[in-house]
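Numbering of ligands and ligand atoms starts at 1, following listing order.
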Amino acid sequence: MDSDSIDSADFSKLLLGPGPSNVPQRILKAISNNCISHLDPDFFDILDEISKNLKNLFKTKNETTFAISGTGSAGMEAAFANIIEKDDKALIFNSGLFGDRMADVASRYGGRVIEVKKEWGKNFKFQEMKEAIDREKDLKVVAIVHAETSTGSFQPIEELGEYLKNSDIIFIVDSVTSFTGINLEVDNWSIDICYSGTQKCLNVPPGLSPITFSEKALNKIKKRKEKVQSWYLDINLLKDYHEQSRVYHHTAPVNMLYGFNEGLKICLEEGLEERFSRHQKVSKYFDSIIKSTDFGFFVDKESDSLPMLKSLVLPKSISDDLRLEILKNDRIEIGGGLGHTKGLIWRVGFMGCNAEIKNVDIFFEVLKSYV
Ligand code: PLP
C-alpha cells in the first residue's frame, strides 16, 4: 500500500458519502505539526508554496489564488460578496441544491438574481445557456456549479467560459466537488472566480476554501462604488495578507493550512491526469456492478454523471434507513438524498484517496450482506 491510500487499518470509518472523505495519515500528520505564528516569515514561505501549488491545480496564472478561512460556502460567499453590487444582474444556472444556495447568496448581497433551472439530475447544454445569456441585457455575473453534489450531475462549463470571455460579464464557477477529481482549467476556460472546498477530492478535513480571482474580476471589484459588505471576506483586505505585503487581517488557521498544502502536494505528486483517470476507472467499475442490481441511476446519461459521486435511485426493497444501519454496524458512511430526493436516492462518493477499486468491492460486499 502506498502511504497516501487508505488501508482498512487506517480509518475508524470509511467515508463513502458526498464528503468529507477520508483523510490520509500524511495530511493528519502535517496538521499536527507545531503551530507557528501566521506572521512568521517561515509561515509566509508555506503560504507562497500553497499559492504556487494551488495555481498548478487550478491551472491558472492568477496572482490572487489562496485559501479562504472557512468551508466551501465561505468561498461561495467570498465570490458573490466581492463581485455583486446593489442591483447587479446575476444569472445562475441552477440544477440542484447548491445552485439554489448560489441564488440565495447572490441575492443577499443585493444582486438581481435570474435563475435558469434544470430538473435535478439533468445537465445544461451549451446552446440553451447561450440563449439564456443572450436574452438578458446588462448582465454582470454568470454562475454555475461544475459538479452538483446534490444530484451527482456534471455541468459543462468549458464553452460557457469561451462565450463570456470577451464580454464584461464575470464568470463564477463552484468547483467544490469537482476540484482535482475531474478536469478544471481556470485560465483556458476563462473562469473569473473559482472556489472549492477541501473535504472532497482533496481529502483534507473541512475548513478551507481554495479560491482564485482573475484580473477581470479584480478590476470589477476595484471599481466598486461601495465597500464589500463582508469585512471578513473582502478580497482587497485578504490580498494584503496572502500576497506580497503580508499585512495582518485575521489569524490564519495555521495547522489547517499545513494539512491543505500536504493535500495539494499529494495531488501534484500523483499528477492530475492520473488522478482523473483513477476516478473514472473506479466510476466505470462501480457502474458496471450497479447495472446488475435493482438500483437505478439518478443521472441517466453516463457522460452527465460525476465519477467521484454516484447517485442511485433506491429500489423499493431497500429503505433509506439501511444507510444508518451500515454506518453503525459496518462503519461505512453513504450519503442520503437532499431536498425532495431525501429517502429516494443514495449518494456514494469515491473521492480522492477513496477512489479505489477495493472500496467499491467493500461497498458491494457490505450491501450484499443486507439484501
Ligand atoms: N458547493 C457544493 C457543490 C458543495 O458540494 C458544497 C458542500 O457539499 C458546498 C458548495 C458548500 O460547502 P461547505 O459545506 O464546505 O460549506
Side-chain angles (χ1 to χ4, degrees), residues 15-23 58 67-81 90 92-109 115 117-118 120-124 143-157 171-182 184 186 191 193-212 230 232-233 253 256-257 259-260 263 279 298-299 304-311 333-339 341-342 345-352 354:
L15 304 181
L16 300 183
S21 53
N22 283 105
V23 182
F58 267 139
I68 298 266
S69 308
T71 62
S73 305
M76 189 188 283
E77 291 245 16
F80 290 105
I92 315 275
F93 290 107
N94 177 352
S95 63
L97 184 118
F98 293 101
D100 288 347
R101 187 175 298 182
M102 269 187 163
D104 186 10
V105 171
S107 70
R108 283 168 191 250
Y109 285 101
E115 286 181 80
K117 291 200 177 189
K118 193 55 125 184
W120 283 33
K122 303 271 187 269
N123 81 1
F124 287 99
I144 191 163
V145 177
H146 190 202
E148 197 20 281
T149 324
S150 59
T151 65
S153 75
F154 158 83
Q155 305 298 321
I157 57 173
F171 182 33
I172 298 178
V173 171
D174 174 314
S175 68
V176 171
T177 287
S178 59
F179 184 54
T180 75
I182 52 174
L184 170 72
V186 167
I191 300 170
I193 306 178
C194 187
Y195 60 86
S196 186
T198 48
Q199 72 274 22
K200 313 270 184 184
C201 294
L202 262 184
N203 307 120
V204 175
L208 293 172
S209 177
I211 197 162
T212 185
S230 164
Y232 196 72
L233 299 172
M256 274 306 297
L257 285 157
F260 177 56
H279 282 86
F298 186 62
V299 181
D304 293 351
S305 81
L306 295 173
M308 73 288 281
L309 186 65
K310 317 303 303 179
S311 12
E333 202 224 6
I334 299 163
L338 297 173
T341 64
K342 190 171 173 358
I345 68 168
W346 280 3
R347 292 174 305 145
V348 189
F350 299 97
M351 298 180 168
N354 284 11

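Ligand 1 has Ala147 within reach: a non-hydrogen atom of the residue lies less than 4.0 Å from it. Under a 4.0 Å heavy-atom criterion, Lys200 is in contact with ligand 1. Note on ligand 1: Gln199 sits in its first shell, one or more heavy atoms being nearer than 4.0 Å.
From the protein, the heavy atom lying nearest to atom 9 (C) of ligand 1 is Phe98 CE2, 3.4 Å. For atom 1 (N) of ligand 1, the closest non-hydrogen atom of the protein is Asp174 OD2, 2.6 Å.
Checking side-chain atoms of Glu77 against main-chain N and O of Val105 turns up no donor-acceptor pair under 3.5 Å. A side-chain donor-acceptor contact under 3.5 Å links Asn94 to the backbone of Gly96.
Between Glu148 and Phe98, the closest heavy-atom pair is OE2-N, 3.2 Å.
The atoms of ligand 1 that sit less than 4.0 Å from any heavy atom of Thr149 are 2 (C), 3 (C), 4 (C), 5 (O). Proximity to Thr177 (heavy-atom distance under 4.0 Å) selects the following atoms of ligand 1: 5 (O). Ligand-side atoms of ligand 1 in range of Arg101: 11 (C), range being under 4.0 angstrom from any heavy atom. Residue-ligand proximity, Val145 to ligand 1, at heavy-atom distances under 4.0 Å covers atoms 3 (C). Every atom of ligand 1 is numbered from 1 in the order shown, and the set under 4.0 Å from a heavy atom of Ser73 is 11 (C), 12 (O), 13 (P), 16 (O).
Arg101 is not listed as a side-chain neighbour of Asp174, based on a closest heavy-atom distance of 4.5 Å or more.
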The test is side-chain hydrogen bond (donor to acceptor under 3.5 Å, both in side chains); show your working for Ser95 and Gln155 and say whether it passes.
CA-CA 9 Å; Ser95 63; Gln155 305 298 321; 3.2 Å; yes
May I have the step-by-step check of side chain to side chain contact (heavy atoms under 4.5 Å, CB included) for His279 and Ile182, ending in yes or no?
CA-CA 8 Å; His279 282 86; Ile182 52 174; over 6 Å; no
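Between Phe93 and Phe124, the ring centre distance stays below 6.0 Å.
Using modelled atom types, one finds no donor on one side chain facing an acceptor on the other under 3.5 Å when comparing Ser153 with Asp304.
When only interatomic distances are considered, the shortest N/O to N/O separation between Tyr195 and ligand 1 does not fall below 3.5 Å. Between Ala74 and ligand 1, no pair of N/O atoms sits closer than 3.5 Å.
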